Q: 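Structure incoming, see below.
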Amino acid sequence: MKRSVNLIIPKIEDTPYMRKTKIILPVIAGVLFAVYLLLFAALFIYSQFNMTQYLDLKLEVTALEKQINNRKSDEGVYAISLDKAGILNNVMKKNSNFDTSLETIEELQTEGIFISNVSLDKKGLTSFSMTASSSAALSDFVDNLLQRSTQAKMDGLTATGISMGSDKKYRVTITYTGKMDNYQ
Amino acid sequence: MKILKQFTEYLKKYEILVASSLVLLAVIALAFFTLPPMVMKTYQIISDGNKLRSRYNNLKSKNNTLSNMDTSYYRKIYAVLNAIIPESKDYVSLFNEFENLENKTGVVVYKTDFQLGIISTSSAKLRRDSSGAYEIPVVMSIKGSTDSIEQFLAALHNLDNRLITVENISWSKKDTITANITGITYYSPALSRLSGIDTPLTEPQASVKKLLAALYDINLPQEDLKPIEQPNVGKTNLFR
């Protein structure tokens with residue numbers, strides 16, 4: 001009787017899942033490795049490129065800073081002039097113009113009227129003492145004052161201490177607040 | 001021996017899987033340790049580059065402005081402004097001004113009172129008013145005709161000498177006019193420091209531009225104009 005011995009080890013077949021894994025996993029590993037290499041190279045090249053640009057720009061910035069530093073005196077003159085001009089502008093804006101108010105008082109001094117003591121502040125608060133040589137002059141003065149009061153925007157126009165002296169002259173103190181213009 | 005043989009067989013069977021897994025692990029490890037620092041570095045370079053570019057643009061614009069600036073224009077204005085609003089209390093210039101005004105207008109300044117207060121211009125107790133200048137109250141007593149007093153008042157704020165603004169006037173009239181004038185004169189120490197090198201130069205407002213043009217047209221006597229070599233931009237040494 002002839003006997004036979006099977007020496008071939010029976011092949012254990014992979015499961016379908018294992019077969020798929022054996023194909024996919026190397027592909028994934030290869031792709032990821034390539035992606036990594038690409039990313040690394042891209043980042044390296046990009047950063048080197050930017051670094052060169054940065055260093056070039058830095059040189060230009062240093063050169064410009066040097067040029068500006070050489071003009072520091074001009075910059076100082078410009079900056080201080082502008083600062084001081086701004087201050088002067090502010091001062092002039094709030095600086096009251098007394099010219100119009102003084103003109104108004106001057107114009108009130110018509111024939112027979114003598115304005116002796118005047119006080120005027122920057123808010124327009126005006127007070128003056130006047131002497132009228134006659135009642136007619138006083139009446140004309142009052143008419144003139146009332147006429148000008150609207151034009152000169154006199155507020156709180158008051159006449160106090162009306163008296164007649166032994167010299168037959170009338171003395172009155174006038175107070176009002178006039179509109180003050182500012183310089184521009 | 002049998003275990004080793006089994007292991008070798010197993011490895012042979014799954015060598016592709018093992019190699020792939022090793023490659024995957026290596027990629028993950030490399031990506032984890034090398035990419036984030038690289039990304040951070042690149043980001044830093046880009047961010048610094050943007051900042052540097054912005055600084056460069058500011059510097060370039062400032063340099064162009066300074067190159068095109070008519071420096072003689074501003075140097076003249078600077079000198080005129082220093083005569084109108086000096087950097088210190090400079091009471092000598094006030095006396096000189098009254099002397100000039102007497103000669104110019106014909107009034108007689110018979111009494112002056114400057115409330116100089118703290119003598120040091122750089123005292124910490126000094127405060128600026130809303131305009132930005134320091135104020136020195138001034139009281140003047142003058143005598144003259146109506147015309148000369150009007151001229152005197154106009155000359156106080158003419159901007160061709162030290163500025164004095166009038167707060168209050170009172171006068172009495174007999175043969176001549178005797179007037180008491182309360183006013184304020186100003187001084188303004190130089191800027192404590194200039195702005196940063198890359199800070200753009202400020203453009204003056206329209207009203208300031210107009211004032212600058214008017215100041216340029218003022219011709220002060222040479223002795224009133226102090227030469228400018230290097231503008232004083234404040235104290236650099238606390239003990240000086």
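Chain letters run A, B, ... following the sequence lines, proteins first and then strands; every chain starts at 1. Only heavy atoms go into these numbers, but all of them, side chains included; no hydrogens, no water, no symmetry mates. The structure displayed is predicted, hence computed values, not measured ones.
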Q: Against chain A, label B:S21 side chain, backbone, both or neither, depending on which of its atoms sit under 4.5 Å from a heavy atom there.
A: both
Q: So what's closer than 4.5 Å to chain B heavy atoms on A:E103: side chain, backbone, both or neither?
A: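 For A:E103, there is no contact with chain B at all, as no heavy atom is under 4.5 Å.
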Q: If we ignore angles and hydrogens, is there a donor and acceptor under 3.5 Å between the side chains of B:S207 and A:N89?
A: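 Yes, a side-chain donor-acceptor pair sits under 3.5 Å.
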Q: Under 4.5 Å between any side-chain heavy atoms of B:M140 and B:N180, yes or no?
A: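 Counting from C-beta outward, B:M140 and B:N180 never come under 4.5 Å.
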Q: Side chain from CB out, backbone as N, CA, C, O: work out which of these in B:L25 comes under 4.5 Å of a heavy atom of chain A, or both, or neither.
A: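 Looking at B:L25, nothing touches chain A.
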Q: Please find the pair of heavy atoms, one from B:S20 and one from A:A29, that lie closest to each other, and give the distance.
A: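 Scanning both residues, the minimum pair turns out to be O-CB, 3.5 Å.
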Q: Checking heavy atoms, do the side chain of B:I184, its backbone, both or neither come under 4.5 Å from chain A?
A: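 The answer is neither part of B:I184.
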Q: If I compare all heavy atoms of B:Y78 with all of A:I80, which pair ends up nearest, and what's the gap?
A: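 Here B:Y78 and A:I80 meet closest at CE1-CG2, 3.5 Å.
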Q: Using non-hydrogen atoms and a 4.5 Å limit, figure out which bit of B:I85 sits close to chain A: side chain, backbone, both or neither.
A: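 Both parts, backbone and side chain.
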Q: Heavy-atom distance under 4.5 Å to chain A: side chain of B:L212, backbone, both or neither?
A: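 Contact with chain A is through the side chain of B:L212 alone.
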Q: Identify which of A:T21, A:L25, A:V35 forms the greatest number of heavy-atom pairs closer than 4.5 Å to chain B.
A: A:L25
Q: Shorter than 4.5 Å, heavy atoms on both sides: which option in A:V118, A:L64, A:V61, A:L88 has the most such pairs with chain B?
A: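 Among A:V118, A:L64, A:V61, A:L88, the one with the most close pairs to chain B is A:V118.
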Q: Where on B:L163 is there a heavy atom nearer than 4.5 Å to chain A: the side chain, the backbone, both, or neither?
A: side chain
Q: Which residue out of A:N50, A:V27, A:L57, A:L43 racks up the most heavy-atom pairs below 4.5 Å with chain B?
A: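 Winner by heavy-atom pair count: A:L57.
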Q: What part of B:T165 lies closer than 4.5 angstrom to a heavy atom of chain A: side chain, backbone, both or neither?
A: both
Q: Between A:E60 and A:K66, does at least one N-O distance fall below 4.0 Å, as a salt bridge requires?
A: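 Salt bridge: no.
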Q: Does a donor on one side chain sit under 3.5 Å from an acceptor on the other, for B:S170 and B:N168?
A: no
Q: Quick one: what part of B:T65 sits under 4.5 Å from any heavy atom of chain A, side chain, backbone, both or neither?
A: neither
Q: Taking side chain as everything from C-beta outward and backbone as N, CA, C, O, which of these in B:S67 sits under 4.5 Å from a heavy atom of chain A? Side chain, backbone, both or neither.
A: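 Contact with chain A involves both backbone and side-chain atoms of B:S67.
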Q: Select, from B:T71, B:L22, B:V23, B:I197, the one with the greatest count of heavy-atom pairs under 4.5 Å involving chain A.
A: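 When all of B:T71, B:L22, B:V23, B:I197 are compared, B:I197 has the most.
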Q: With a 4.5 angstrom heavy-atom cut-off, is it the side chain or the backbone of B:K13 that approaches chain A, or both, or neither?
A: both
Q: Measuring from atom CG of B:N82 to atom OG of B:S188, what distance do you get when rounded to the nearest 0.5 angstrom?
A: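 Rounded to the nearest 0.5 Å, the CG-OG separation comes to 9.0 Å.
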Q: Between the side chains of B:S93 and B:R162, is a donor N or O closer than 3.5 angstrom to an acceptor N or O?
A: yes
Q: Please determine whether side chain to side chain donor-acceptor pair (under 3.5 Å) holds for the pair A:D121 and A:S119, giving the CA-CA distance in whole Å, both sets of side-chain angles, and the decisive distance to 0.1 Å.
A: CA-CA 7 Å; A:D121 76 4; A:S119 166; over 6 Å; no
Q: Among the options B:K60, B:K41, B:Q44, B:M69, pick out the one with the most heavy-atom pairs lying under 4.5 Å from chain A.
A: B:M69
Q: Counting heavy-atom pairs under 4.5 Å with chain A, which one of B:I84, B:L66, B:T146, B:V39 comes out on top?
A: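 Between B:I84, B:L66, B:T146, B:V39, the count favours B:L66.
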Q: Side chain from CB out, backbone as N, CA, C, O: work out which of these in B:Y73 comes under 4.5 Å of a heavy atom of chain A, or both, or neither.
A: neither
Q: Using non-hydrogen atoms only, which part of B:E203 is less than 4.5 Å away from chain A: side chain, backbone, both, or neither?
A: both
Q: What residue in B:I16, B:N63, B:V208 has the most heavy-atom pairs under 4.5 Å with chain A?
A: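 Answer, by heavy-atom pair count under 4.5 Å with chain A: B:N63.
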Q: Regarding A:D155 and A:K179, does a basic nitrogen lie under 4.0 Å from an acidic carboxylate oxygen?
A: no
Q: Please determine, by modelled atom types, if A:T104 and A:S101 share a side-chain donor-acceptor pair under 3.5 angstrom.
A: no
Q: Holding to salt bridge (charged side-chain N to carboxylate O under 4.0 Å, His left out), I want the full list of residues that pass it with B:R55, two or more places apart in sequence or in another chain.
A: A:E65, B:D198
Q: Tell me, out of A:Y46, A:Y54, A:F114, who's got the most heavy-atom pairs with chain B below 4.5 Å.
A: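 Max contact count across the listed options: A:Y54.
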Q: Is any side-chain heavy atom of A:Y176 closer than 4.5 Å to a side-chain heavy atom of A:S127?
A: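 Not in contact.
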Q: For a quick check under 3.5 Å, do B:T34 and A:Y36 share a side-chain donor-acceptor pair by atom type?
A: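 On atom types as modelled, these side chains qualify, holding a pair under 3.5 Å.
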Q: Flag the one option from A:I115, A:I28, A:N69, A:N90 with the top tally of heavy-atom pairs under 4.5 Å to chain B.
A: A:N90
Q: Measure A:K58 against the heavy atoms of chain B and call it side chain, backbone, both or neither at under 4.5 Å.
A: both
Q: Please state whether the side chain, the backbone, both or neither of B:L81 comes within less than 4.5 Å of a heavy atom of chain A.
A: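 Answer is both: backbone and side chain atoms of B:L81 are under 4.5 Å from chain A.
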Q: Against chain A, work out which of B:I28, B:T202, B:L211, B:I177 has the most heavy-atom pairs shorter than 4.5 Å and name it.
A: B:L211
Q: Judged by modelled atom types alone, do B:R53 and B:N57 share a side-chain donor-acceptor pair under 3.5 Å?
A: no
